[in-house]
Amino acid sequence: MEPFTERVVALIRAIPAGHVMTYGQIAALAGSPRGARQVVRILHSMSAAYSLPWHRVVNAQGQIALPDRDAAYTQRMLLERDGIQVRSDGRIDLERFRLSDASAMMGGTAG
């Protein structure tokens with residue numbers, strides 16, 4: 001596994017219940033500030049194999065970004081089960097639920 005991929009997997013695994021992170025936030029902390037699409041690819045291809053809490057990752061606007069209605073519904077239900085409020089438009093209040101001290105997850109060195 002590539003170092004960036006390893007860091008992304010570690011970050012996603014470390015997102016605690018009750019919090020979310022954005023694709024871009026994860027990419028930046030993993031060392032590639034413009035790598036949000038890579039994070040999407042990693043989530044798509046590795047979530048099941050690595051038991052990643054994929055539902056805790058949202059887009060930069062705090063929205064569930066899955067185009068498939070069933071998958072988006074599943075994500076919403078999992079987020080709500082985690083205690084995260086999802087508005088009727090599928091948005092999450094990032095000020096309230098985004099993991100704000102995420103840099104500590106990577107030893108404080110990512111940025």
Side-chain angles (χ1 to χ4, degrees):
M1 190 180 313
E2 295 292 322
F4 175 77
T5 301
E6 286 179 11
R7 290 189 297 269
V8 167
V9 168
L11 281 164
I12 295 168
R13 277 187 175 154
I15 303 170
H19 295 279
V20 297
M21 291 179 73
T22 67
Y23 299 104
Q25 181 184 13
I26 292 167
L29 288 169
S32 181
R34 297 178 57 91
R37 288 182 189 257
Q38 289 176 283
V39 173
V40 172
R41 178 189 52 78
I42 292 165
L43 272 174
H44 179 73
S45 64
M46 298 185 161
S47 286
Y50 290 90
S51 300
L52 300 177
W54 60 271
H55 62 283
R56 297 180 186 149
V57 183
V58 297
N59 72 17
Q61 291 75 42
Q63 289 179 302
I64 293 173
L66 299 173
D68 178 85
R69 290 174 65 119
D70 290 337
Y73 178 79
T74 298
Q75 183 174 13
R76 179 189 192 99
M77 293 299 105
L78 290 170
L79 288 169
E80 289 176 346
R81 189 174 70 189
D82 276 357
I84 296 170
Q85 295 173 351
V86 181
R87 296 190 308 234
S88 60
D89 63 359
R91 288 182 188 253
I92 295 147
D93 181 353
L94 290 178
E95 292 292 319
R96 181 173 176 194
F97 295 107
R98 182 185 351 216
L99 187 61
S100 60
D101 61 349
S103 64
M105 295 165 61
M106 296 302 288
T109 59

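These values consider heavy atoms only, across backbone and side chains, with no hydrogens, waters or symmetry-generated copies.
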Could you please spell out the steps behind the side-chain contact (heavy atoms from CB on, under 4.5 Å) verdict for Trp54 and Ile12? CA-CA 7 Å; Trp54 60 271; Ile12 295 168; 5.8 Å; no
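- With rounding to the nearest 0.5 angstrom, the CZ atom of Arg56 is 13.0 Å from the CZ atom of Phe97.
- In this structure, the separation between OH on Tyr50 and CG on Leu43 is 13.5 Å, given to the nearest 0.5 Å.
- Closest approach of Gln25 to Leu99, counting heavy atoms only: NE2-O, 3.0 Å.
- One finds the CZ atom of Arg37 at 13.0 Å from the OG atom of Ser32 (value rounded to the nearest 0.5 Å).
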Decide yes or no on side-chain contact (heavy atoms from CB on, under 4.5 Å) for Arg13 and Leu52, but give the supporting numbers first. CA-CA 6 Å; Arg13 277 187 175 154; Leu52 300 177; 3.5 Å; yes
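- For the atom pair CD (Gln63) and CG (Leu94), the distance works out to 9.5 Å, reported to the nearest 0.5 Å.
- Counting all heavy atoms, side chain and backbone alike, Leu29 lies closest to Met21 at CD1-CE, 3.5 Å.
- Residues Arg96 and Gln85 have side chains in contact (heavy-atom distance under 4.5 Å, counting atoms from C-beta outward).
- The two residues Pro53 and Ile15 come nearest to each other via the heavy atoms CG-O, 4.5 Å.
- Residues Phe4 and Gly35 come closest through the heavy atom pair CZ-O, 4.2 Å.
- Using a distance-only test at 3.5 Å, with no hydrogens or angles considered, no donor-acceptor pair links the side chain of Asp82 to the main chain of Ile84.
- Nearest heavy-atom pair, Leu11 versus Ile26, reported as atom, atom and distance to 0.1 Å: CD1-O, 3.6 Å.
- Under the 4.5 Å side-chain heavy-atom criterion for ILVMFWY residues, no single connected hydrophobic cluster contains both Leu79 and Tyr73.
- In this structure, the side chains of Val9 and Met1 come closer than 4.5 Å at one or more pairs of heavy atoms.
- Using a distance-only test at 3.5 Å, with no hydrogens or angles considered, a donor-acceptor pair links the side chain of Arg76 to the main chain of Arg87.
- Panel note: side chain Arg7, backbone Gly31; no donor-acceptor pair is recorded below 3.5 Å.
- Across all non-hydrogen atoms, the minimal contact from Leu66 to Gln75 is CD1-OE1, 3.4 Å.
- Connection of Met77 to Val20 is not established within any shared hydrophobic cluster, with ILVMFWY side chains joined at heavy-atom distances below 4.5 Å, either directly or through further cluster members.
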